[in-house]
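A quick write-up on the structure given underneath.
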There are 2 protein chains.
Amino acid sequence: MELIKRNTDYALRALVHMAETANDTIHPLGELAAVTGAPETFLRKVVQKLDAAGVVATRRGRGGGVCFQKDPDVITVLEVVEAVQGPVAINKCFVSNRECAGRRDCLIRRNLGGIQTDLTDLLREATVGTLARRASQA
Amino acid sequence: MELIKRNTDYALRALVHMAETANDTIHPLGELAAVTGAPETFLRKVVQKLDAAGVVATRRGRGGGVCFQKDPDVITVLEVVEAVQGPVAINKCFVSNRECAGRRDCLIRRNLGGIQTDLTDLLREATVGTLARRASQA
DNA sequence: CTTTTATAGGACTATTTTAGTCCTCTATTA
DNA sequence: TAATAGAGGACTAAAATAGTCCTATAAAAG
Ligand code: FES
Ligand code: FES
């Protein structure tokens with residue numbers, strides 16, 4: 001089981017790269033694809049999700065590209081993961097609880113739910129800004 | 001992203017059920033399948049993995065079935081997850097680090113590795129025994 | 001010693017998720 | 001109005017997950 005899928009990996013790489021320049025710099029997808037190693041068409045989908053989530057803004061046309069819509073210091077890793085991969089859940093039931101039908105006594109819901117909270121808290125502690133600063137040190 | 005897949009879910013349900021009786025009770029697969037809601041043939045595969053991991057022991061033939069090989073209080077949720085699903089990792093690289101080739105500066109490895117440790121620690125804190133005791137309370 | 005009961009284990013299939021491609025459309029600006 | 005850059009949907013490929021099936025083997029009862 002991998003917590004971070006390829007699309008989130010690409011997203012984090014792109015965001016950290018962006019955080020290493022001035023926040024209002026516009027980065028065309030081609031540049032982000034090159035630096036992240038992601039196929040450009042695939043990265044575009046990822047960026048669209050970050051856009052929909054309000055993490056980045058995009059501009060079309062000549063001189064267009066991607067820039068931050070928020071300060072990288074307030075963009076949490078959780079936010080990025082959820083934007084590109086969808087919800088982080090302990091099991092299917094914590095995504096849509098219709099799955100629980102007929103199992104109201106389920107031990108997962110009753111006993112492991114707390115782990116979900118602890119996990120999301122962990123992912124909320126790291127921000128793109130802190131990652132970028134640590135990444136730029138030797 | 002779901003932390004706990006169906007096979008682990010079945011495993012935990014079966015183990016908690018087993019923990020509610022004396023530790024040396026032998027439970028045939030049919031019984032475990034009925035109580036967990038898992039298809040018997042599928043649950044057999046899960047049990048085989050728990051057996052290989054030393055969590056349960058199995059006996060063939062008449063009167064055979066599954067019983068604990070360790071005290072439920074020392075069986076951690078992490079152990080169960082790893083036995084049936086395989087390793088818990090932050091991304092592919094933390095499963096086999098051959099994936100990192102050419103990306104020695106990767107921000108995931110450098111900055112998010114700690115989250116992996118924190119997550120496995122969380123899963124190590126809960127044991128089958130504690131789950132069973134909590135599950136049997138109203 | 002053979003029938004019955006129960007797991008072992010491998011090959012196979014189906015379904016879902018993840019990853020990636022492609023094509024047409026629209027916005028921007030030189 | 002041509003060139004550039006993202007939007008967005010339909011499509012395909014690959015991998016992981018979930019489940020089935022069939023033959024073999026072990027244990028105990030008769
Ligand atoms: S059946 Fe829904 S949490 Fe277990
Ligand atoms: S390339 Fe291996 S941890 Fe990122």
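Quick note on labels: first sequence line is chain A, next is B, and so on, each numbered from 1.
Distance from the side chain of A:Gln48 is smallest to D:dA7 among D:dA7, C:dT28, D:dG6.
Separating the CG atom of A:Leu32 from the P atom of D:dA5 is a distance of 13 Å, rounded to the nearest angstrom. Per the geometry, NZ belonging to A:Lys49 stands 10 Å off P belonging to C:dA19, to the nearest Å. Distance, A:Glu40 CD to C:dC23 P: 15 Å, rounded to whole Å. As a whole-Å value, the separation of B:His27 NE2 from C:dT7 C1' is 16 Å. Regarding A:Leu50, its CG atom lies at a distance of 14 Å from the C1' atom of D:dG6, rounded to whole Å. What separates CG of B:Leu29 from P of C:dT7 is a distance of 4 Å, to the nearest Å. Note: CD1 (A:Ile4) to P (C:dT18) measures 14 Å, nearest angstrom. Between B:Arg44 atom CZ and C:dA8 atom P the separation is 7 Å, expressed in whole Å.
Shown here for B:His17 and B:His27, the closest heavy-atom pair between the two residues is NE2-ND1, 3.9 Å. Pairing each heavy atom of A:Val56 with each of A:Val47, the nearest pair is CG2-O, 4.0 Å.
OP1 and OP2 of D:dG19 both lie 4.0 Å or more from every side-chain N or O belonging to B:Thr41.
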Review item, nucleotides 16-18 of chain D N/O atoms under 3.5 Å of protein N/O:
| unit_1 | atom_1 | unit_2 | atom_2 | d |
| --- | --- | --- | --- | --- |
| D:dA18 | OP1 | B:Arg6 | N | 3.2 |

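In this structure, the side chain of A:Glu40 does not engage the main chain of A:Ala33 through any donor-acceptor pair within 3.5 Å.
Scanning atom types as modelled, one donor and one acceptor separated by under 3.5 angstrom connect the side chain of B:Lys45 and the base of C:dG10. Counting distance only, with no hydrogens placed and no angle test, the side-chain atoms of A:Arg60 and the base atoms of C:dT26 include a donor-acceptor pair under 3.5 Å.
Salt-bridge annotation for A:Arg124 and A:Asp121: present, with a side-chain N of the basic residue lying under 4.0 Å from a carboxylate O of the acidic one.
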